Amino acid sequence: MTDHKEHLEIIKADVSHIPLIIALNEQVWPQTYIPIIGEQQVAYMMGLFYTPEALKKQMTELQHQFIICYYQGTPAAFASYSAIEPGIYKLHKIYILPSMQGKGIGRYVLGYITDDIAAQGATTLRLNVNIHNHAAKAFYEKTGFRHFKDEDIDIGGGYFMNDHVLSMPLE
């Protein structure tokens, strides 16, 4: 893998970035999740988590820190994370455009997040990954995450998120 760090920049996002986050999500979610959970559940979940109102609530009320990663000046990825209990942070989202995968962006974004939360006193980073998203799980395991537990989350509409919860201790 070629090192592309010199082409990468991360900005902390705010509500003014919501249209960009939605546009990026629309390029990632259908391609990633329709084969795993089907078109109807993808549409349901995008309506639940990726409307302007839902994203604004995540940013303001729920205090999720959103970031956007640019590759050579082009938006390539976004992520969000927050503290869930003392010392433990959760990576809520990390999505890299399919055309931008394999350039080291995921590792770069994770490095940024772990540095940011470690500076805030975090000792652990957790995340949920769909039990059938084998490529994502393999990526997370390569970057130091380990299986913590499994959970089935009722998200309404007759749908569940069937997830592995992965955890990574921070140095």
Side-chain angles (χ1 to χ4, degrees), residues 1-33 45-130 133 136-137 139-140 142-145 148 153 155 161 163 165-171:
M1 178 174 66
T2 308
D3 186 2
H4 295 280
K5 285 190 175 106
E6 68 278 4
H7 301 295
L8 293 168
E9 177 192 6
I10 289 179
I11 63 154
K12 289 194 173 187
D14 59 33
V15 293
S16 71
H17 296 97
I18 287 174
L20 175 57
I21 292 166
I22 291 170
L24 291 169
N25 182 65
E26 288 172 347
Q27 296 175 64
V28 175
W29 261 60
Q31 184 171 332
T32 303
Y33 289 111
M45 291 177 71
M46 286 176 70
L48 198 60
F49 300 125
Y50 288 98
T51 63
E53 300 78 22
L55 289 167
K56 183 177 181 185
K57 179 179 181 178
Q58 292 165 45
M59 289 178 178
T60 58
E61 293 175 40
L62 301 177
Q63 298 295 304
H64 294 187
Q65 175 62 65
F66 277 74
I67 59 173
I68 298 171
C69 183
Y70 290 80
Y71 177 76
Q72 296 180 337
T74 301
F78 71 95
S80 76
Y81 52 98
S82 71
I84 56 171
E85 55 188 85
I88 300 176
Y89 277 67
K90 182 171 183 178
L91 177 62
H92 299 285
K93 308 172 190 329
I94 179 171
Y95 293 108
I96 294 96
L97 293 180
S99 63
M100 296 286 184
Q101 292 175 7
K103 299 180 186 304
I105 295 170
R107 282 184 183 274
Y108 183 77
V109 170
L110 273 178
Y112 175 93
I113 292 168
T114 56
D115 288 349
D116 186 39
I117 65 175
Q120 297 176 54
T123 57
T124 304
L125 180 61
R126 289 190 187 146
L127 61 83
N128 286 42
V129 61
N130 182 285
N133 193 344
K137 186 172 186 236
F139 166 75
Y140 294 131
K142 277 195 291 191
T143 58
F145 285 89
F148 177 66
I153 303 162
I155 56 170
M161 294 191 313
D163 290 349
V165 179
L166 306 181
S167 185
M168 178 174 63
L170 302 180
E171 301 299 317

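Just so it is clear, the structure is predicted and the values come from calculations on it, not from any experiment.
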Legend entry - Which atom of I21 lies closest to which atom of F66, heavy atoms considered: CD1-CD2, 3.6 Å
Legend entry - Least distance between heavy atoms, M168 atom then G144 atom: CG-O, 3.5 Å
Inset, instruction - Please report the C-alpha distance between N128 and V165 in whole Å, then the side-chain angles of each, then the deciding distance to 0.1 Å, and finally whether the side-chain contact (heavy atoms from CB on, under 4.5 Å) criterion is met. - result: CA-CA 4 Å; N128 286 42; V165 179; 3.8 Å; yes
Legend entry - Heavy-atom side-chain proximity of N25 to F49 below 4.5 angstrom: no
Legend entry - From CA spacing to verdict: side-chain contact (heavy atoms from CB on, under 4.5 Å), Y89, D116: CA-CA 11 Å; Y89 277 67; D116 186 39; over 6 Å; no
Legend entry - Worked check of side-chain contact (heavy atoms from CB on, under 4.5 Å) between K137 and F145: CA-CA 9 Å; K137 186 172 186 236; F145 285 89; over 6 Å; no
Legend entry - Working for side-chain contact (heavy atoms from CB on, under 4.5 Å), residues Y112 and L8: CA-CA 11 Å; Y112 175 93; L8 293 168; over 6 Å; no
Inset, instruction - Could you tell me which non-hydrogen atom of A79 sits nearest to which non-hydrogen atom of V109, and how far apart they are? - result: CB-CG1, 3.9 Å
Inset, instruction - Quick one: closest heavy-atom pair of L24 and A77, and the distance? - result: CD1-O, 4.1 Å
Inset, instruction - Kindly say whether Q63 contributes a backbone atom to a donor-acceptor pair with the side chain of S82 at under 3.5 angstrom? - result: no
Inset, instruction - Answer yes or no: is there a donor N or O on one side and an acceptor on the other, between the side chain of E61 and the main chain of Q58, under 3.5 Å? - result: no
Inset, instruction - Can you label the angle between the Y33 ring and the W29 ring as parallel, tilted or perpendicular, going by 30° and 60°? - result: tilted
Inset, instruction - Measure from the side-chain N and O atoms of Q101 to the backbone N and O of I96, and report whether any donor-acceptor pair falls under 3.5 Å. - result: yes
